[in-house]
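Reviewing the structure listed below.
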Amino acid sequence: MTAERIARVELFPVRIPYPRPMQWASLAEDAAQFMVLRLTTASGITGVAEGTVKTTWTGSTLRSLAVVFEELFEGPLMGLDIDDDKAMRQLWLPRGHDLAKAMIDVALWDIRAQVAGQPLWRLWNGTRDAAVSWVVTRQEPALMAAESADVVERHGIRTLKVKGGQGVETDMAAMTAIRATVGDGVTIYVDPNKAYTQEETPDYCRRLADFGVVMVEDPCAYQPDAAFSRLQTDCVLPLLVDNTCRDFASASMFIERGAKAINLKLQKARGYTENWRIIRHAAAHGVDCNIGLFGESSLGSLAALQLSSALPDGNFNLPSEVTHFLHLPDEYVVQPLTVKDGHIRLPDDVGMGKLVDWEKLARLAP
């Protein structure tokens, strides 16, 4: 077969205002910002990827990300054979810039799927109807409960990730309100974003277990060391490792130290290739993986769902968290994804670029 070589590299910045301010652990924002990458081969195949641009998450701004592509990656990408492993290793030589590398990896896999004539979820033997969860962000407990009830009722979602970290008593008040609203049939896990100490964490987990919580993500700061092993032993709930697990090296160390579950993100661990490496290693050691939220639009969510739909069965099988697009009042896609009965049906169309409305994308530029 004739090699597919990259002939054009294009970036498209996007800004979409939120209907209400969004409060994350590390920032508050009134709009979502994205960078869309389009790679085009000499034969005319286009591969696309979305980067979520939040400075406290990735260390990037729209402008700095554009400069990184211009100075470090655009030149090496031009003429690149998408199946040349040696050239790919050279491409990754600049240290850091994981967001840019993740975007490139996803776009290249999008091209490979089109060469193969199948969407990635089919190539990876995934399930067409991908289960999803909802992330309840920090608000007053009553508002968190109302939001939880709304997504359960409207979208049939049966798993909630509740953002904690507002203080132990506020977190417990939120859990009380949410459980009273959604009932016992909804699976809940909690993410305090490292708000508590290692000494506070075992009791925090015990109190959450009384509400039927199944897992706690990053309740405190930890590293893959003996202290983490002791902490997991002392906690009645499994710890879902996220923030300090960013690549294969850190994931393998956490697995060695007794981690039971790892939260993966395409834009955190440099795309599909690195994430599949982690998933296979984790599965070999009986450790679960799930796909976490990265503030994606429908395009970024579709990319993540290609992977999450093909995850191996495990002990917990948490649905993918990539439903943030439901917060967005506008998008740059032909048709936003929809959630029905807690699932998103993945398209049979080959090539994620078909989802993009390129004219609207240009209008949403900041």
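Below, each value reflects all heavy atoms present in this structure, side chains not excepted, and no hydrogens, waters or symmetry copies.
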Report the relative orientation of the aromatic rings in Phe248 and His281; use parallel for angles under 30°, tilted for 30 to 60°, perpendicular for over 60°. perpendicular
Is it the case that the side chain of Thr159 and the backbone of Trp134 share a donor-acceptor pair, with hydrogens and angles ignored and the cut-off at 3.5 Å? no
Counting heavy atoms not belonging to Glu256, are there more than 12 under 6.0 Å from its CD? no
When rounded to the nearest 0.5 angstrom, what is the spacing between NE2 in His327 and CZ in Arg20? 5.5 Å
What do you reckon, is CG of Asp349 surrounded by more than 12 foreign heavy atoms closer than 6.0 Å? yes
May I have the step-by-step check of side chain to side chain contact (heavy atoms under 4.5 Å, CB included) for Phe325 and Ile344, ending in yes or no? CA-CA 12 Å; Phe325 64 89; Ile344 294 175; 3.9 Å; yes
For Tyr196 and Val168, indicate whether the former's side chain and the latter's backbone hold a donor-acceptor pair under 3.5 Å. yes
Under 6.0 Å from the ring centre and within 45 degrees of the ring axis: does the NZ or CZ of Arg179 meet both conditions for the six-membered ring of Phe211? no
4.5 Å side-chain heavy-atom contact, Phe254 and Thr244: yes
List the steps, then state whether side chain to side chain contact (heavy atoms under 4.5 Å, CB included) holds for Phe73 with Val9. CA-CA 9 Å; Phe73 296 114; Val9 181; over 6 Å; no
Verdict with reasoning, Leu39 to Leu80, per side chain to side chain contact (heavy atoms under 4.5 Å, CB included): CA-CA 11 Å; Leu39 302 180; Leu80 176 77; over 6 Å; no
Describe, in one word, how the ring planes of Trp276 and Trp124 are oriented to each other, choosing from parallel (under 30°), tilted (30 to 60°) and perpendicular (over 60°). perpendicular
Using residues 358-366 as the side-chain source, report each donor-acceptor pair under 3.5 Å to any protein atom, sequence neighbours left out, with the distance given to one decimal.
residue, atom, partner, partner atom, Å
Lys360, NZ, Asp330, OD1, 2.6
Lys360, NZ, Glu331, O, 3.1

Would you please name every residue forming a side-chain contact (heavy atoms from CB on, under 4.5 Å) with Thr61, sequence neighbours left out? Thr55, Arg63, Ser64
Can you tell me if CD on Glu140 sees more than 12 non-hydrogen neighbours from other groups inside 6.0 Å? no
CZ/Arg8: more than 12 non-hydrogen atoms of other groups inside 6.0 Å: no
Pairing residues for Arg5 by the salt bridge (Lys or Arg N to Asp or Glu O under 4.0 Å) criterion, not counting sequence neighbours: none
Once rounded to the nearest 0.5 Å, what's the spacing between atom CG of Leu346 and atom CZ of Arg128? 8.0 Å
For residues 87-111, dump all side-chain donor-acceptor pairs below 3.5 Å to protein atoms at least two apart in sequence or in another chain.
residue, atom, partner, partner atom, Å
Lys101, NZ, Trp92, O, 3.0
Lys101, NZ, Pro94, O, 2.5
Lys101, NZ, Gly96, O, 3.1
Asp105, OD1, Thr273, OG1, 2.7
Asp105, OD2, Tyr272, N, 2.8
Asp105, OD2, Thr273, N, 3.0
Asp105, OD2, Thr273, OG1, 3.4
Trp109, NE1, Thr273, OG1, 3.0
Asp110, OD1, Met352, N, 3.0
Asp110, OD2, Val48, N, 3.0
Asp110, OD2, Met352, N, 3.4

Does Thr323 use its side chain to pair, donor to acceptor, with the backbone of Ser133 at less than 3.5 Å? yes
Taken to the nearest 0.5 Å, the spacing of Thr338 OG1 from His343 NE2 works out to 13.0 Å
Any chance the side chains of Tyr18 and Glu29 put a donor and an acceptor closer than 3.5 Å? yes
Lys354: which residues meet the salt bridge (Lys or Arg N to Asp or Glu O under 4.0 Å) condition with it, sequence neighbours left out? none
Under a 3.5 Å distance rule, please check whether Ser229 uses its side chain to pair with a backbone N or O of Arg257 as donor and acceptor. yes
As a quick check of understanding, evaluate side chain to side chain contact (heavy atoms under 4.5 Å, CB included) for Thr56 and Trp24, giving each step before the final call. CA-CA 10 Å; Thr56 57; Trp24 306 102; over 6 Å; no
Which atom of Val162 lies closest to which atom of Ile188, heavy atoms considered: CG2-CG2, 3.8 Å
Under a 3.5 Å threshold, yes or no: a donor from one side chain and an acceptor from the other, between Glu50 and Ser297? yes
Please check if any side-chain donor atom of Thr41 sits under 3.5 Å from a side-chain acceptor atom of Glu4, or the reverse. yes
Side chains of Thr58 and Gln267: is there a donor and an acceptor less than 3.5 Å apart? no
Any side-chain heavy-atom pair from Asp218 and Leu240 closer than 4.5 angstrom? no
When you measure from the side chain of Gln166 to the backbone N and O of Gln139, does any donor-acceptor pair fall under 3.5 Å? yes
Ignoring hydrogens and angles, tell me if any N or O in the side chain of Glu153 forms a donor-acceptor pair with the backbone of Asp150 under 3.5 Å. no
Do Val152 and Val213 share a hydrophobic cluster (ILVMFWY, side-chain heavy atoms under 4.5 Å, transitive)? yes
Between Thr201 and Gln198, is the side-chain hydrogen bond (donor to acceptor under 3.5 Å, both in side chains) condition met? List the steps. CA-CA 5 Å; Thr201 291; Gln198 290 196 8; over 6 Å; no
Check for a donor-acceptor pair, side chain of Trp121 on one end and backbone N or O of Pro347 on the other, with a separation under 3.5 Å. yes
Is the side chain of Lys268 donor-acceptor paired with the backbone N or O of Asn243 at a distance under 3.5 Å, no angle test? no
Sequence-distant partners of Glu199, salt bridge (Lys or Arg N to Asp or Glu O under 4.0 Å), two or more places apart: none
